[in-house]
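These notes concern the structure reproduced below.
In this chain, numbering begins with 1 at the start of the sequence shown.
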Amino acid sequence: MSDNTRSSDPGRVNLSQLVQLEAINAHSESRGTQHILLAFLGEYENSAGQILHAFDVTRENAAAAINQVIASGVTETPRPPEVALTNAPPPLDLLPATEQEFQAFRTGCYEVMNRGDRVAVWAHILLGLLIVEDGIAAQSLLALGLDLDQIRDSTLELLDSPDVPVP
């Protein structure tokens, strides 16, 4: 399934839900950039996964690098709880985001706007992930011997390509 499906498509895969599941499966107390990276490399076809696979990043070697980076003492900063804009309680099952995870998603959204793209795809979030260099995901890619600027250049090339379908 492409990450470029219409939002009205009932079969659309929601990246934030996959990140949440990755964090839960890892028994984490919060959602971090490493969970975004693993979601990209999951079973769903997506633009970010396509780019990472071109650099020989697999779910297996990414998970090993993540474990290595965490074992070396790299951590992500817990994000303070959001200020509620309503009196409704937050969802009980939603793990809090780390500051780095929040920055990656926010920066990815800025990339969509700054580029003037009509549709947000997972590759935009990959750009955000690469900018947050103190995150576990970026550190894991570096541990695999990858150049973050090369991945960014390939991501921008894909986003500029007419092969990126838009609804």
Side-chain angles (χ1 to χ4, degrees), residues 3 13-44 46-53 55 57-115 117 120-156 159:
D3 59 348
V13 177
N14 183 308
L15 178 58
S16 62
Q17 290 173 340
L18 292 177
V19 171
Q20 172 81 2
L21 289 173
E22 290 291 346
I24 290 169
N25 290 338
H27 306 289
S28 296
E29 294 180 9
S30 59
R31 300 181 324 267
T33 60
Q34 69 274 27
H35 303 119
I36 299 172
L37 180 61
L38 291 173
F40 288 158
L41 297 166
E43 62 187 79
Y44 298 99
N46 65 83
S47 55
Q50 177 183 344
I51 294 160
L52 292 167
H53 286 292
F55 284 89
V57 180
T58 65
R59 188 173 174 81
E60 293 74 24
N61 65 12
I66 288 167
N67 289 335
Q68 174 189 353
V69 166
I70 291 171
S72 75
V74 175
T75 61
E76 293 192 357
T77 309
R79 184 165 168 73
E82 297 292 326
V83 175
L85 299 177
T86 68
N87 291 331
L92 296 177
D93 60 346
L94 187 63
L95 293 174
T98 63
E99 186 61 36
Q100 289 83 352
E101 191 249 18
F102 179 80
Q103 288 175 4
F105 272 106
R106 182 180 60 200
T107 305
C109 292
Y110 287 152
E111 288 287 344
V112 176
M113 292 183 296
N114 289 339
R115 291 175 43 80
D117 293 337
V121 296
W122 291 13
H124 291 104
I125 305 303
L126 177 58
L127 290 173
L129 199 71
L130 298 171
I131 290 171
V132 183
E133 292 186 16
D134 65 333
I136 292 172
Q139 292 298 308
S140 299
L141 293 171
L142 291 170
L144 289 171
L146 299 173
D147 182 323
L148 301 181
D149 288 333
Q150 286 182 343
I151 299 171
R152 180 173 174 75
D153 290 346
S154 292
T155 305
L156 292 170
L159 288 170

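Counted by atom type alone, T58 and H53 present zero donor-acceptor pairs between their side chains at under 3.5 Å. Side-chain N/O atoms of T33 and E76 include a donor and acceptor closer than 3.5 Å. No side-chain donor-acceptor contact under 3.5 Å links T77 and E99. In the model, D134 has no side-chain atom that pairs as donor or acceptor with a side-chain atom of Q139 under 3.5 Å.
Shown here for N14 and S16, the closest heavy-atom pair between the two residues is OD1-OG, 2.5 Å. The two atoms that bring F55 and Q150 nearest to each other are CZ-O, 3.6 Å, heavy atoms only. Contact between L37 and S140 at its shortest, heavy atoms only, is CD2-CB, 4.5 Å. The shortest heavy-atom contact between E29 and P96 is O-CD, 3.4 Å. Of all heavy-atom pairs spanning R31 and A97, the tightest one is NH2-CB, 3.3 Å. Scanning both residues, L142 and L146, for their nearest heavy atoms gives CD2-O, 3.5 Å.
Under the 3.5 Å distance criterion, the side-chain polar atoms of S47 are matched with a main-chain donor or acceptor of A123. Judged by distance alone, with hydrogens and angles left aside, the side-chain atoms of Q20 form a donor-acceptor pair with the main-chain N or O of L95 at under 3.5 Å. N61 places no side-chain N or O within donor-acceptor distance of the main-chain N or O of V57, the cut-off being under 3.5 Å. Judged by distance alone, with hydrogens and angles left aside, the side-chain atoms of D117 form no donor-acceptor pair with the main-chain N or O of V112 at under 3.5 Å. Remark: side-chain polar atoms of D153 are not paired, donor with acceptor, to backbone N or O of I151 under 3.5 angstrom.
The distance from atom NE2 of H35 to atom CG of N25, rounded to the nearest 0.5 Å, is 9.0 Å. Note that the OG atom of S72 and the CG atom of N67 stand 11.0 Å from one another [nearest 0.5 Å]. Atoms CD and CD, from Q100 and E133 in turn, are 12.5 Å apart once rounded to the nearest 0.5 Å. Between I66 atom CD1 and L141 atom CG the span is 8.5 Å, to the nearest 0.5 Å. To the nearest 0.5 angstrom, L126 atom CG is 5.0 Å from L52 atom CG.
Under a 4.0 Å N-O distance rule, the pair E22/R59 qualifies as a salt bridge. Remark: R152 engages E111 in a salt bridge, criterion side-chain N to carboxylate O under 4.0 Å.
Looking at I36 and F105, their side chains come closer than 4.5 Å, going by heavy atoms from C-beta outward. Using a 4.5 Å heavy-atom cutoff, the side chains of L127 and L159 are in contact. Residues L18 and W122 are in side-chain contact: their nearest non-hydrogen atoms beyond the backbone lie under 4.5 Å apart. E101 has its side chain within reach of V19: a pair of non-hydrogen atoms, C-beta onward, lies under 4.5 Å apart. Counting heavy atoms from C-beta outward, H124 and T155 have side chains that stay 4.5 Å or more apart.
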Checklist entry - Please walk me through it: do F40 and I51 pass side-chain contact (heavy atoms from CB on, under 4.5 Å)? => result CA-CA 10 Å; F40 288 158; I51 294 160; over 6 Å; no

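Within 6.0 Å of the OH atom in Y110, the count of heavy atoms belonging to other residues, nucleotides or ligands does not exceed 12.
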